[in-house]
Amino acid sequence: MSMTQHAEPAVGTPPAPGRKESDGRTKQRPPVLRLLARPEVGVFLGAVAVYVFFLIAAPPVREGSAMANILYQSSTIGIMALPVALLMIGGEFDLSAGVAVITSALTASMLSYQLTMNVWVGVVVALLVSLGIGFLNGWMVVKTGLPSFLITLGTFLILQGVNLAVTKLVTTNVATDDISDMDGFAQAKKIFASSFEVGGVQVKITIVYWLVFAAIATWILLRTRYGNWVFAVGGNKESARAVGVPVTFTKISLFMLVGFGAWFVGMHQLFTFNTVQSGEGVGQELIYISAAVIGGCLLTGGAGSAIGPVFGAFMFGMVQQGIVYAGWNPDWFKAFLGVMLLGAVLINLWVQRTATRR
C-alpha cells in the first residue's frame, strides 16, 4: 500500500452566469442620493422653504416690485459672497471684506471730489487700491504661514480705523461729499447703479451682474485648470504643491478676487447714494461668509460651489425684505439670520450624511 495520497480537487458549484460578487465598494448609489450629495442642493431646498414661508406670511412679497427689491438686496450680498466662497473653497477667510467695500467707495469719492477730477479717475484708483489690499492679504498669508483669520482680522481693524480717520481729516465729516454733479458721474452710474424696466417693474443692474458673475465663477470652478487649483489648495496645499499646483499664485489671486468684488460693490454703493458713510461695512463680512457657508462651502476648504452661495444670498435678501413686508420688528433680523444659518448648516450636514450613507 502506497504511503502517498493524492488530494482530490475541490469541486464547488460554479457561480450562476452573469452573477457578480460585490463588496459594497462599487455599488452605485441611487440618483436621488447622488443629487443630495451636491453642496448646493440643501441650500436650494432651504431657499424654497424660506420663499414659500414669506409668500404666506407677507402677501406683498407676491408682487413683482417686491420681488425686484428682494433680488436687488440679494444681489448686493451675492456679488461679494461669490469671491468669498471661492476663497473659502481655497481654504482661506477674509474678515476685511465688509470694510474693504467702504474703503473702495471712499477712495473713489474723496479722490474725485477733493482733487476735482473726473470720477473715472477715482474709480480706477479705487480698483488698484482694492486689488492691492487683496494682494497684501494673500501675500502675508502665504509668506508668514499665519491663519488668514488673524491676518485679515488685522486688516479689518486697520481699514476700519483708516476709513473713519481719513474721512474726518479730509472732509471734516464722517461722510464724503456729494459727487453727483461731477464729470463722468452719469456714465459711471449707468454701469454700476442703473436700472431697467421689465414688465412695468424696475430691475437693478446688479441683479444681472450677480447672475453673470455666478455663471462665470461656476465655469471657472468646473471647467478650468484654475478651478482645479482652487479645490486642490483648499483640500491640501502641500499635496497640491507636490503635484505642481502654483499654490502661492492661487491663494493670492483668490484674495485679489475678493478685492475686486469689494471694489465693484463699493462703486455700486457710491453711485447709488452719491456719498459714502465711513463707518459702514462693519459686520457685512459675516453676512458674506454666512451666505457662502449656507451655500455649502466647508469651513475647512476644498469643497463648495458658486451656485450654492447664490441661493444663500437669496435667503438673506428674502429674510431682510420679507420681515419688512410682513410688518415685523426689524430688530429681529439678525436673530432670524442666526437661526437660519444654524438651521441651514444642520440641514446641509444631515443631507450630506444621508446621501453618503451606504
>> Using the rule given for side-chain contact (heavy atoms from CB on, under 4.5 Å), can you reason through Leu106 versus Val166, listing the C-alpha separation, both sets of side-chain angles and the distance that settles it, and then say yes or no?
In response: CA-CA 9 Å; Leu106 290 172; Val166 172; over 6 Å; no
> What do the steps show when you test Met318 against Val61 for side-chain contact (heavy atoms from CB on, under 4.5 Å), and what is the final call?
Replying inline: CA-CA 9 Å; Met318 186 78 234; Val61 169; 3.4 Å; yes
> What do the steps show when you test Thr171 against Asn173 for side chain to side chain donor-acceptor pair (under 3.5 Å), and what is the final call?
Replying inline: CA-CA 5 Å; Thr171 68; Asn173 201 344; 5.9 Å; no
> Would Val276 and Gln269 satisfy side-chain contact (heavy atoms from CB on, under 4.5 Å), going step by step from the backbone distance to the final call?
Replying inline: CA-CA 8 Å; Val276 185; Gln269 291 191 10; 5.5 Å; no
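By the neighbour-count criterion of 12 heavy atoms within 6.0 Å, atom CH2 of Trp120 is densely surrounded, having more than that number from other residues, nucleotides or ligands.
Side chains of Phe185 and Asn274 form a contact here, defined as non-hydrogen atoms less than 4.5 Å apart. Put simply, the side chain of Asp94 does not reach to within 4.5 Å of the side chain of Tyr288, judged on heavy atoms. Side-chain contact check for Met80 versus Gln284: every heavy-atom pair is 4.5 Å or farther apart. Side chains of Met315 and Ile294 form a contact here, defined as non-hydrogen atoms less than 4.5 Å apart. Thr107 has its side chain within reach of Val125: a pair of non-hydrogen atoms, C-beta onward, lies under 4.5 Å apart. A heavy-atom distance below 4.5 Å is not found between the side chains of Val123 and Leu270. A heavy-atom distance below 4.5 Å is found between the side chains of Val119 and Phe271. Counting only heavy atoms from C-beta outward, the side chains of Met67 and Tyr51 approach each other to under 4.5 Å.
Leu128 and Ile191 are members of different hydrophobic clusters when ILVMFWY side chains are connected at heavy-atom separations under 4.5 Å. Hydrophobic clustering of Ile, Leu, Val, Met, Phe, Trp and Tyr side chains at less than 4.5 Å, counting indirect connections, keeps Ile151 apart from Leu286. Note on Val142: it clusters hydrophobically with Phe149, by side-chain heavy-atom contacts below 4.5 Å among ILVMFWY residues. When the side chains of ILVMFWY residues are joined at heavy-atom separations under 4.5 Å, either directly or via intervening members, Phe249 and Trp139 end up in a single hydrophobic cluster. Linking Ile, Leu, Val, Met, Phe, Trp and Tyr whenever their side-chain heavy atoms come within less than 4.5 Å leaves Leu164 and Tyr113 in two separate clusters.
A donor-acceptor pair is defined here as one N or O able to donate and one able to accept, closer than 3.5 Å; such a pair exists between the side chain of Ser148 and the backbone of Phe93. Ser104 contributes no side-chain N or O that, together with a main-chain N or O of Ala100, makes up a donor-acceptor pair within less than 3.5 Å. Of the possible donor and acceptor atoms, none in the side chain of Ser109 sits under 3.5 Å from a partner among the backbone N and O of Ala105. For the pair Ser278 (side chain) and Val174 (backbone), a donor-acceptor distance under 3.5 Å is present. Under a 3.5 Å cut-off, the side chain of Thr167 and the backbone N or O of Ala175 do not form any donor-acceptor pair.
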Tabulate below the donor-acceptor pairs under 3.5 Å that side-chain atoms of residues 322-330 make, not counting sequence neighbours, or state none.
residue : atom : partner : partner atom : Å
Tyr325  : OH   : Asn69   : ND2          : 3.0
Asn329  : OD1  : Asp331  : N            : 2.9

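In this structure, OG1 on Thr103 lies 4.0 Å from CG on Leu159, to the nearest 0.5 angstrom. From Thr152, atom OG1 reaches atom CG of Leu157 across 10.0 Å, with rounding to the nearest 0.5 Å.
With His268 as reference, Tyr72 is the one residue of Phe273, Tyr72, Trp210, Tyr209 to meet the ring pair (Phe, Tyr, Trp, His ring centres under 6.0 Å) rule.
Residues passing the ring-ring contact (aromatic ring centres under 6.0 Å, His included) test with Trp263 are Phe192, Phe260, sequence neighbours excluded.
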